[in-house]
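Remember, it's 1-based here, ligands and their atoms both numbered in the order they're listed. Residue numbers count from 1 along this sequence.
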Amino acid sequence: MINVTQPSIGAEELAAVGAVFDTNWLGYGPRTQEFEELFAEFLGVPADRVLFLNSATSALFLAAELLGIGPGDEVVLPSNGFIANANCVVAAGARPVFCDLDESHLNPSVQDIIDVLTPRTRAVMILHYGGYPGDLEKIAALCAERGIALVEDAAVSIASSVDGRMCGTFGDLGVWSFDSRKVITTGDGGMLYVRDPEVARRARRLAYHGLEDRSSFTTAVKSPHLWWSFDIEDVGRRLIGNDITAAIGTVQLGKLTRFVERRAAIGRRYDRAFAGVPGIRTPPPLPAGHRSTHYFYWLRFESLAIRDGVSEDLLGRGIYTSWRYYPLHRVPHYGATDAVLPRTEAVSDTALLLPAHQSLRDDEVDLIAEEVIKAVQART
Ligand SMILES: *Cc1c(COP(=O)(O)O)cnc(C)c1O
């Protein structure tokens, strides 16, 4: 079976985990700090603003809490988004307001967001679809101008940037994921960037029980009496990462450029294979100054029947395809099934994601393209 996504891990990651075992310190510690520092440097932000957590979902829920989102508030987000984006809004007692998208890059345009803003809008939460930054700069400018918080879910856009500035650093809060389907993985894990240093300190407390110091050891160094005592001002949870997963992350981060180059090459190979084939539309070229992680490679077909037929034919040949994301406004629990989002509907009815992970071989890419073209031609 050829998968849509797949981790690329091996001996180096295993050796890094072995080295952590040898230190006999598995929890949050020096490897976690090192990973946070490297990631901050990679983003071009101060190290105290970056927190390694146990998942991107934890980071999104924490982001909603840090922004103080609650009952009576609205949060604007694309319907073409990940389930945790809506869940963290609903869990906070606020209302998710879904917006439509631009059919070229499959992210909301700035106008799509303006169309659903109300005086109750407290935050906008966007992702960068498949790694495409889209209208990020304009959306960040809009939010700044209107005093609305911006949360960027950069889970799949770890290597994406606009004019050299990394996606995830345009808003007040940014989130990355290292789950096993992402470009780089730690098994499970996520990163949170908090632009404001005070809010970042609060994030660190809330990520570990509300405690200012994470271990009685650091407390003991500061005050050698009753170091097991503690005080809390904010009740927190337990969302932090650990040295085992951080050690894997440090190795994976070092491979990111290579992984993304391979993904870009796979995208170009697909583009060439599908160029000029009737009934198949490929993703648009990136605008000047934009860089993508190339996380998704999507195609558009002329109808739902063709799209579904292509995915079934490919599955029969051992090639798994999929569509992300099932439109969130269609999920009854979010109370927005009456939202009118024609472009989101059209895309989710006719688009398909092809396997695009960095471990795909050229002959596999060629085979997938050939099977797609055959499946389309059989139906037109
Ligand atoms: C995978 C993903 C998440 C969730 O990441 P976890 O680390 O599994 O919690 C959030 N948003 C997007 C866009 C994702 O693709």
### Query
After noting the C-alpha distance and the side-chain angles of Glu137 and His290, does the key distance pass the side-chain hydrogen bond (donor to acceptor under 3.5 Å, both in side chains) rule?
CA-CA 11 Å; Glu137 273 182 305; His290 285 211; 5.1 Å; no
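Considering backbone and side-chain atoms together, Asp179 places an N or O closer than 3.5 Å to an N or O of ligand 1. Close N/O approach between Ala56 and ligand 1 is found [any backbone or side-chain N/O within under 3.5 Å]. Between Ser58 and ligand 1, a contact under 3.5 Å exists for no N or O pair. Between Arg181 and ligand 1, no pair of N/O atoms sits closer than 3.5 Å.
Taking a cut-off of under 4.0 Å to the non-hydrogen atoms of Tyr325, the atoms of ligand 1 that pass are 13 (C), 15 (O). Near Gly189, meaning under 4.0 Å from one of its heavy atoms, ligand 1 places the atoms 7 (O). Close approach of ligand 1 to Ser55 is summarised as follows: ligand atoms under 4.0 Å from at least one heavy atom of the residue are 7 (O), 9 (O). In the vicinity of Val156, heavy-atom distances shorter than 4.0 Å reach the ligand 1 atoms 15 (O).
Counted within 6.0 Å of CZ on Arg122, heavy atoms from surrounding residues, nucleotides or ligands total more than 12; the atom is thus considered enclosed. Within 6.0 Å of CZ on Arg49 lie more than 12 heavy atoms contributed by other residues, nucleotides or ligands.
Given atom 11 (N) of ligand 1, the protein heavy atom at minimum distance is Asp153 OD2, 2.6 Å. The shortest contact between atom 4 (C) of ligand 1 and any protein heavy atom is with Phe82 CE2, 3.4 Å. Summary of contacts: the protein heavy atom closest to atom 9 (O) of ligand 1 is Thr57 OG1, 2.5 Å. Nearest protein heavy-atom contact of atom 1 (C) of ligand 1 is Lys182 NZ, 1.6 Å. Taking atom 6 (P) of ligand 1 as the reference point, the nearest protein heavy-atom neighbour is Ser177 OG, 3.5 Å.
If you look at Trp298 and Tyr132, their ring centroids are closer than 6.0 Å.
Remark: the Ser157 side chain and the Thr293 side chain contain no N/O donor-acceptor pair separated by less than 3.5 Å. For Thr350 and Arg300, the side-chain atoms include at least one donor-acceptor pair closer than 3.5 Å.
Within the model, atoms OG of Ser55 and CG of Asp188 stand 7.0 Å from one another, a figure rounded to the nearest 0.5 Å.
With respect to the salt-bridge test (charged N to carboxylate O, under 4.0 angstrom), the residues Asp153 and Lys182 do not qualify. Taking a cutoff of 4.0 Å between a charged side-chain nitrogen and a carboxylate oxygen, Glu261 and Arg258 do not qualify as a salt bridge.
Not a single heavy atom of Tyr295 lies less than 4.0 angstrom from ligand 1.
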